[in-house]
Amino acid sequence: MLRLAVLVSGGGTDLQSIIDEHKKGNINCEIALVISNRKSAYGLERAKQAGIPTACIKDQKELLKKLQDEKIDFIVLAGYLAILQEDLIKAYPNKIINIHPSLIPSFCGPGMYGLHVHEAALDKGVKVSGATVHFVSEEVDGGPIIYQEAVSIADLDTAEAIQKRVLEIEHKILPMVVRYYCEDRIRIEKGRVHIL
Ligand SMILES: Nc1nc2c(c(=O)[nH]1)N[C@@H](CN(C=O)c1ccc(C(=O)N[C@@H](CCC(=O)O)C(=O)O)cc1)CN2
Ligand SMILES: NCC(=O)N[C@@H]1O[C@H](COP(=O)([O-])[O-])[C@@H](O)[C@H]1O
């Protein structure tokens with residue numbers, strides 16, 4: 001059974017969506033570890049409540065050693081707000097999945113995280129936003145796109161309201177992609193992802 005590590009930096013609702021789907025028996029892996037780069041991350045508390053081992057690690061060399069020591073097979077970034085360095089990405093080629101709260105390539109890349117993403121969408125006046133699940137590469141938010149789902153935000157006028165609506169999409173598509181990954185249903189051909 002694959003061993004999954006989830007990396008968080010904040011409240012952990014994306015992590016919770018994976019935990020909840022796993023509890024229902026819909027995700028066939030072991031959630032072996034939750035790691036944060038912030039001691040204050042409530043995602044660590046969510047993991048503890050679910051009986052999942054946790055760690056707080058800021059240094060990326062230490063992070064890579066922990067992942068390898070724990071024999072982690074794949075990694076999900078669930079609101080993890082640090083840019084991963086080359087060594088870690090090379091150690092886990094197309095084995096790191098990230099969720100981003102926009103329809104990449106819109107509103108993504110360095111500096112685009114959390115509410116900043118939705119503020120940018122609001123300022124641009126887009127009528128549709130959504131969420132993207134993608135493989136992590138050295139280019140921030142530039143990895144192969146696995147799945148996207150759009151949602152109308154035409155009726156919303158605050159970044160917080162957009163965030164809330166997009167999170168509902170995230171909590172649906174992230175566990176779904178994790179399930180597909182565990183079922184070995186994800187293929188990459190010429191940079192495009194196909195789900196079997
Ligand atoms: N090498 C990669 N690292 C990460 C990726 C990636 O695709 N490649 N995805 C991000 C997640 N992310 C958006 O989805 C993202 C996270 C953080 C930032 C950012 O600019 N962070 C700030 C620090 C924020 C803070 O600590 O408060 C920064 O690094 O200056 C942009 C995009 C995860 N890592
Ligand atoms: N670029 C990365 C990024 O912005 N990630 C976003 O951080 C939030 C984490 O929420 P959570 O802590 O409640 O799961 C989520 O909206 C996620 O898409």
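Sequence positions, counted from 1, serve as the residue numbers for this chain. Read the numbers this way: they start at 1 and go in the same order the structure lists the ligands and their atoms.
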**Request:** Report the part of Cys108 in contact with ligand 1, treating N, CA, C, O as backbone and CB onward as side chain, heavy atoms under 4.0 Å; options are side chain, backbone, both, neither.
**Result:**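 Contact part for Cys108 vs ligand 1: neither.
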
Pick from [options]: the one approaching [atom] most closely through a non-hydrogen atom:
{"atom": "atom 32 (C) of ligand 1", "options": "Glu86, Met112, His100, His116", "result": "Met112"}
{"atom": "atom 9 (N) of ligand 1", "options": "Asp141, Asn37, Thr132, Leu88", "result": "Asp141"}
{"atom": "atom 10 (C) of ligand 1", "options": "Asn98, Leu84, Leu81", "result": "Asn98"}

Report yes or no: do [X] and [Y] belong to one cluster of Ile/Leu/Val/Met/Phe/Trp/Tyr joined by side chain heavy-atom distances under 4.5 Å?
{"X": "Val117", "Y": "Ile173", "answer": "yes"}
{"X": "Leu122", "Y": "Val151", "answer": "yes"}
{"X": "Phe107", "Y": "Leu81", "answer": "no"}

**Request:** May I ask you to identify, for Leu167, whether its side chain, its backbone, both or neither come under 4.0 Å of ligand 2 on a heavy-atom basis?
**Result:**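 For Leu167, only side-chain atoms sit under 4.0 Å from ligand 2.
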
Between [X] and ligand 2, is there a nitrogen or oxygen pair with a distance under 3.5 Å?
{"X": "Asn98", "value": "no"}
{"X": "Asp14", "value": "yes"}
{"X": "Val117", "value": "no"}
{"X": "Asp141", "value": "no"}
{"X": "Tyr80", "value": "no"}

Proximal atoms of ligand 2 relative to [X] (non-hydrogen, under 4.0 Å):
{"X": "Gly114", "answer": "3 (C), 4 (O)"}
{"X": "Gly10", "answer": "12 (O)"}
{"X": "Gly11", "answer": "12 (O)"}
{"X": "Gly79", "answer": "5 (N), 7 (O), 9 (C)"}
{"X": "Glu170", "answer": "15 (C), 16 (O), 17 (C), 18 (O)"}
{"X": "Met112", "answer": "1 (N)"}
{"X": "Ile99", "answer": "5 (N), 18 (O)"}
{"X": "Tyr113", "answer": "1 (N), 4 (O)"}

Show which atoms of ligand 1 fall inside a sub-4.0 Å distance from at least one heavy-atom site of [X].
{"X": "Glu138", "value": "1 (N)"}
{"X": "Tyr80", "value": "11 (C), 16 (C), 33 (C)"}
{"X": "Tyr113", "value": "18 (C), 19 (C), 20 (O), 21 (N), 22 (C), 24 (C), 27 (O)"}
{"X": "Gly111", "value": "19 (C), 20 (O), 31 (C)"}
{"X": "Ser137", "value": "1 (N), 2 (C), 6 (C), 8 (N)"}
{"X": "Ile89", "value": "1 (N)"}
{"X": "Pro110", "value": "20 (O)"}
{"X": "Val140", "value": "6 (C), 7 (O), 8 (N), 32 (C)"}

I need the nearest protein heavy-atom contact for [atom]: residue, atom name and distance, please.
{"atom": "atom 34 (N) of ligand 1", "result": "Ala82 O, 2.8 Å"}
{"atom": "atom 29 (O) of ligand 1", "result": "Ile83 CG1, 3.5 Å"}
{"atom": "atom 31 (C) of ligand 1", "result": "Gly109 O, 3.6 Å"}
{"atom": "atom 3 (C) of ligand 2", "result": "Pro101 CD, 3.7 Å"}
{"atom": "atom 25 (C) of ligand 1", "result": "Arg38 NH2, 3.2 Å"}
{"atom": "atom 13 (O) of ligand 2", "result": "Thr13 OG1, 2.6 Å"}
{"atom": "atom 12 (O) of ligand 2", "result": "Gly12 N, 2.8 Å"}
{"atom": "atom 1 (N) of ligand 2", "result": "His100 ND1, 3.2 Å"}

**Asked** With a cut-off of 6.0 Å (strictly less than), are more than 12 heavy atoms of other residues, nucleotides or ligands near CZ of Arg187?
**Response**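 Atom CZ in Arg187 is packed in, count exceeds 12.
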
**Asked** How long is the gap from NZ on Lys124 to OG on Ser106, to the nearest 0.5 Å?
**Response**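 Nearest 0.5 Å value for the NZ-OG distance: 9.5 Å.
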
**Prompt:** Once you round to the nearest 0.5 Å, how far does CG of Leu33 lie from CD1 of Ile72?
**Reply:**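 That separation rounds to 5.0 Å.
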
**Message:** Looking at ligand 1, would Ser9 count as a contact under a 4.0 Å heavy-atom criterion?
**Reply:**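 Judged by the 4.0 Å heavy-atom criterion, Ser9 does not count as contacting ligand 1.
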
**Message:** Does the residue Gln85 have a heavy-atom contact with ligand 1, meaning some pair of atoms that are separated by less than 4.0 Å?
**Reply:**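 No, Gln85 has no heavy atom closer than 4.0 Å to ligand 1.
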
**Intermediate values then yes/no, side chain to side chain donor-acceptor pair (under 3.5 Å), His134 and Thr132** = CA-CA 6 Å; His134 64 93; Thr132 301; over 6 Å; no

**Asked** What do the steps show when you test Ile27 against Ile18 for side chain to side chain contact (heavy atoms under 4.5 Å, CB included), and what is the final call?
**Response** CA-CA 8 Å; Ile27 296 178; Ile18 297 169; 4.1 Å; yes

**Message:** Would Val136 count as being in polar contact with ligand 1, using the rule that some N or O on each side must be under 3.5 angstrom apart?
**Reply:**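 No; every N/O pair is 3.5 Å or more apart.
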
**Item:** Aromatic centroids of Tyr92 and Phe74 separated by under 6.0 Å
**Value:**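 So the answer is no for these two rings.
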
So, [X] and [Y], do they make that salt bridge, N to O below 4.0 Å?
{"X": "Lys66", "Y": "Glu62", "result": "no"}
{"X": "Glu21", "Y": "Arg179", "result": "no"}
{"X": "Asp87", "Y": "Lys61", "result": "yes"}

**Prompt:** Should Gly43 be listed as contacting ligand 2, given a heavy-atom distance under 4.0 Å as the test?
**Reply:**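 The answer is no, since Gly43 has no heavy atom less than 4.0 Å from ligand 2.
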
**Request:** Grab the two heavy atoms, one from Gly114 and one from Gln163, that are nearest each other, plus how far apart they are.
**Result:**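 Looking at all heavy atoms of both residues, the closest pair is C-NE2, 4.2 Å.
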
